2 protein chains.
Amino acid sequence: MGRRRPDTPTLEEVAAHAGVGRGTVSRVVNNAAGVKDSTRQAVQRAIAELGYVPNLAARSLAGRGADAVALVMTEPDWRLFAEPFFSEIVRSLGDALADTGMQLLLTLVRSDAERRRFLEYARGGRVDGVLLMSVHAGDPLPDMLAEARLPTVLLGRRSGDEHVSYVDADNTGGARNAVSHLLGTGRRTIATITGPLDMYVAQCRLRGYREALAQAGLDAERSLIAEGDFTEESGRRAMARLIERHPDIDAVLAASDTTAAGALKALRGAGRRVPQDVAVIGFDDFPLAERTEPRLTTVRQPLAEIGRAMVRLLLEEMEEAAESSIAWRHVVLRTELVLRESA
Amino acid sequence: MGRRRPDTPTLEEVAAHAGVGRGTVSRVVNNAAGVKDSTRQAVQRAIAELGYVPNLAARSLAGRGADAVALVMTEPDWRLFAEPFFSEIVRSLGDALADTGMQLLLTLVRSDAERRRFLEYARGGRVDGVLLMSVHAGDPLPDMLAEARLPTVLLGRRSGDEHVSYVDADNTGGARNAVSHLLGTGRRTIATITGPLDMYVAQCRLRGYREALAQAGLDAERSLIAEGDFTEESGRRAMARLIERHPDIDAVLAASDTTAAGALKALRGAGRRVPQDVAVIGFDDFPLAERTEPRLTTVRQPLAEIGRAMVRLLLEEMEEAAESSIAWRHVVLRTELVLRESA
DNA sequence: TTGAAAGCGCTAACAA
DNA sequence: TTGTTAGCGCTTTCAA
């Protein structure tokens with residue numbers, strides 16, 4: 001037998017108080033049409049007087065869905081949580097969800113235990129859909145969610161033939177454009193600091209780098225490529241290594257703004273002038289990146305669009321889920337090279 | 001009439017499949033005692049074969065609570081979300097909640113609309129308790145939650161006589177110790193860059209600064225105090241102002257590590273040597289703060305303890321809520337001055 | 001040790 | 001336009 005929360009009036013009590021039936025109160029609460037104005041007002045008065053709040057569990061159980069979506073961060077490397085990219089994406093998704101009336105719930109999945117817990121939570125019907133970010137190549141969570149027939153949209157892909165719905169930026173194209181630009185300004189010894197190479201996004205950016213060089217008839221020397229992990233510290237270390245191996249470096253493509261900031265530090269520490277001496281281009285373009293001096297030339301990802309696209313895809317899937325047909329959708333958004341005056 | 005999610009077997013179907021009653025399956029699912037071993041195994045087999053997952057809405061409705069707690073960020077200034085302090089607190093709370101079996105749900109409350117939405121969500125019974133961080137002085141949310149008799153714990157206080165449960169660090173003491181230390185090493189012209197003064201935490205740190213000076217018979221000159229907002233950029237600007245007004249500054253207490261990092265930049269930009277020339281002390285002490293050079297001397301907050309304490313308080317309140325008596329609890333944790341060799 | 005049955009509070013179909 | 005009613009899937013007595 002269920003135990004009631006104390007002090008919480010039910011629909012039934014409101015109905016009694018207003019002298020109407022439960023159905024009518026339900027209609028008023030849900031703003032359904034077909035209620036006489038006077039009745040509606042009487043019900044609303046009763047609701048106010050009793051301090052009625054609908055029980056969401058009962059509502060879900062009766063078939064109305066959870067009215068919430070989860071945004072899952074599966075990021076074992078915890079430092080990345082503090083990156084501006086994360087907060088900007090969260091903001092963007094929050095904005096995109098604002099007028100759907102759904103709650104956005106961020107959850108962290110750092111271990112298998114947490115993965116199981118979240119899966120139970122999601123499959124238990126507490127959310128209507130799941131947004132996933134920072135997905136690494138081998139992560140099984142998207143498939144588990146898909147198997148449970150939960151509407152799911154990834155930010156980025158796990159690989160070139162991702163099947164689960166995703167929204168991604170054109171990382172390859174962005175990197176290619178950036179390096180082409182560098183070549184166009186006469187730079188020749190161009191290095192790159194990659195992201196973690198178990199992430200497709202990092203592989204794409206590296207591929208773009210390679211393609212631009214190939215297009216110019218140049219080879220991407222192994223020793224000009226240093227792997228980082230998107231953090232500033234990794235950028236600094238990678239840059240230090242690169243300078244040592246190639247004192248003649250005159251340009252660098254970094255896998256993120258943060259990495260680029262680290263690279264700048266290492267360059268300055270080594271007495272190199274930036275950007276006259278060495279041009280540095282980062283990926284992403286945040287207002288927050290003001291901390292880098294000089295301001296970076298960057299490949300900008302359309303973050304607001306990414307958020308909107310993810311939410312759009314998710315809503316479409318949710319609608320389909322009601323009829324239990326599913327179709328994956330894939331969106332790749334253009335990036336844009338943003339040149340700073342000093343570079 | 002409620003509409004079922006497709007493909008989701010119910011308790012009843014599991015019971016039929018295993019040839020037992022619903023009650024027995026429920027007992028097995030919830031690991032309750034009093035089930036014969038052979039029966040338990042038969043049920044578990046049925047569960048596995050059918051891929052049964054309990055419907056959490058039904059479970060909540062039947063009185064078992066939501067098994068989730070919300071962590072709410074009410075931070076209008078979005079940039080702060082990217083601060084290490086946030087991510088570290090989230091990590092700490094995640095760890096503290098790990099073995100309670102509850103889901104941690106982060107939610108953002110940036111506007112009144114979002115405040116209302118969240119309140120409906122929480123009062124609707126989707127969470128068993130609420131943790132609040134970054135609460136500004138006038139924020140009504142804690143009172144609204146308290147009124148709804150939802151177990152609630154704040155990180156920090158809104159004012160000196162906060163009544164809602166909270167866990168806070170000894171900010172006044174920490175700042176006092178820091179400034180006393182500076183005085184002890186012979187510094188005399190000591191400035192401070194505060195946090196946003198509509199937050200009690202910032203007021204406390206300023207008070208500690210004042211107290212230490214007073215103790216030494218010195219006056220806290222108005223012109224030695226510059227207000228910031230915990231961001232790096234504000235630290236840089238504040239420091240620039242301070243140097244202009246007081247070229248003889250030889251020490252600074254900053255309201256956060258991030259602010260201190262900004263101050264360092266301004267100082268270096270002005271050609272001052274740090275820390276020999278000017279000693280800078282920040283609040284908070286993150287591994288992430290490696291980006292500051294030289295490493296800062298800091299007042300360390302016991303983040304892991306804060307998370308544990310918040311969860312402990314919340315669990316206590318949740319237990320009480322079941323018997324509908326309430327008592328607020330207040331915990332203030334010690335801070336620690338961490339000296340770096342170079343300072 | 002187990003099964004049966006009474007709710008938990010709501011939505012939506014159906015009658016009136 | 002409104003009231004009545006049959007579930008939604010689970011937990012938890014109460015009997016057996």
Side-chain angles (χ1 to χ4, degrees), chain A residues 1-43 46-47 50-67 120-121 123-126 128 322, chain B residues 1-43 46-47 50-67 120 123-126 322:
Chain A
M1 234 199 266
R3 192 191 42 196
R4 286 190 38 186
R5 266 191 316 152
D7 307 346
T8 316
T10 69
L11 236 202
E12 174 124 38
E13 287 162 351
V14 174
H17 193 82
V20 301
R22 320 221 299 260
T24 305
V25 179
S26 178
R27 274 165 223 141
V28 171
V29 170
N30 294 293
N31 270 317
V35 181
K36 218 199 317 177
D37 238 34
S38 57
T39 321
R40 184 181 297 273
Q41 283 175 13
V43 171
I47 288 176
L50 265 46
Y52 168 73
V53 181
N55 178 319
L56 264 28
R59 182 177 279 176
S60 290
L61 189 57
R64 278 259 282 107
D67 282 334
E120 203 171 303
Y121 186 83
R123 300 222 306 161
R126 305 302 279 252
D128 297 323
Chain B
M1 236 198 263
R3 190 191 41 195
R4 285 189 40 187
R5 266 190 315 150
D7 308 345
T8 316
T10 69
L11 235 201
E12 175 124 40
E13 287 161 349
V14 175
H17 193 81
V20 302
R22 323 221 298 259
T24 306
V25 178
S26 179
R27 275 164 221 140
V28 171
V29 170
N30 294 294
N31 270 320
V35 180
K36 217 200 314 175
D37 237 34
S38 57
T39 319
R40 183 181 298 273
Q41 283 173 13
V43 171
I47 288 175
L50 265 46
Y52 168 72
V53 181
N55 178 318
L56 266 27
R59 182 177 278 177
S60 291
L61 189 57
R64 278 259 280 108
D67 282 335
E120 204 171 303
R123 302 220 305 160
R126 304 303 278 254

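By convention in this document, chain letters (A, B, ...) are assigned in the order of the sequence lines, proteins followed by strands, and residues within each chain are numbered from 1. Only a predicted model underlies this, so the values are computations on that prediction, with no experimental measurement involved.
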Within this structure, what is the [atom1]-to-[atom2] distance between [X] and [N], rounded to whole angstrom?
| X | N | atom1 | atom2 | value |
| --- | --- | --- | --- | --- |
| A:Glu13 | C:dC10 | CD | C1' | 13 Å |
| B:Leu56 | D:dC10 | CG | P | 10 Å |
| B:Arg59 | C:dC10 | CZ | C1' | 20 Å |
| B:Arg123 | C:dG9 | CZ | P | 15 Å |
| A:Leu61 | D:dT11 | CG | C1' | 12 Å |
| B:Leu11 | C:dA4 | CG | C1' | 14 Å |
| B:Arg27 | D:dC10 | CZ | P | 15 Å |
| A:Ile47 | C:dC10 | CD1 | C1' | 13 Å |

Side chain of A:Asp128, backbone of A:Ala66: donor and acceptor closer than 3.5 Å?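 Yes: the side chain of A:Asp128 pairs with the backbone of A:Ala66.
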
Can you see if the side chain of [X] gets near the phosphate of [N] - specifically, an N or O under 4.0 Å from OP1 or OP2?
| X | N | value |
| --- | --- | --- |
| A:Thr39 | D:dT1 | no |
| A:Thr24 | D:dT2 | no |
| B:Ser26 | D:dC10 | no |
| A:Asn30 | C:dT11 | yes |

Verdict with reasoning, B:Val29 to B:Arg59, per side-chain contact (heavy atoms from CB on, under 4.5 Å): CA-CA 12 Å; B:Val29 170; B:Arg59 182 177 278 177; 3.5 Å; yes

Here's a test of your reading of the structure: between B:Ala33 and A:Ala57, which maps to the more 5' nucleotide of DNA chain C?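 Looking at the nearest nucleotide for each, B:Ala33 comes out on the 5' side.
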
Along DNA chain C (nearest heavy atom to each residue), the more 5'-positioned of A:Glu12 and B:Asp37: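 Of the two residues, B:Asp37 wins.
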
Got A:Asn55 and A:Thr10 here, is their nearest side-chain heavy-atom distance under 4.5 Å?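 Result no, sub-4.5 Å side-chain heavy-atom pair not found.
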
Side chain to side chain, B:Leu11 and B:Ser26, heavy atoms closer than 4.5 Å: yes

Could you tell me the separation between the OH atom of A:Tyr52 and the NE2 atom of A:His17, rounded to the nearest 0.5 Å? 14.5 Å

With the side chain of A:Lys36 defined as its heavy atoms from C-beta on, choose the nearest nucleotide among D:dG9, D:dT2, D:dA6. D:dT2

How would you label the contact of B:Val20 with the nucleic acid (heavy atoms, under 4.0 Å): base, sugar-phosphate, or nothing?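 Here B:Val20 touches the backbone only, sparing every base.
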
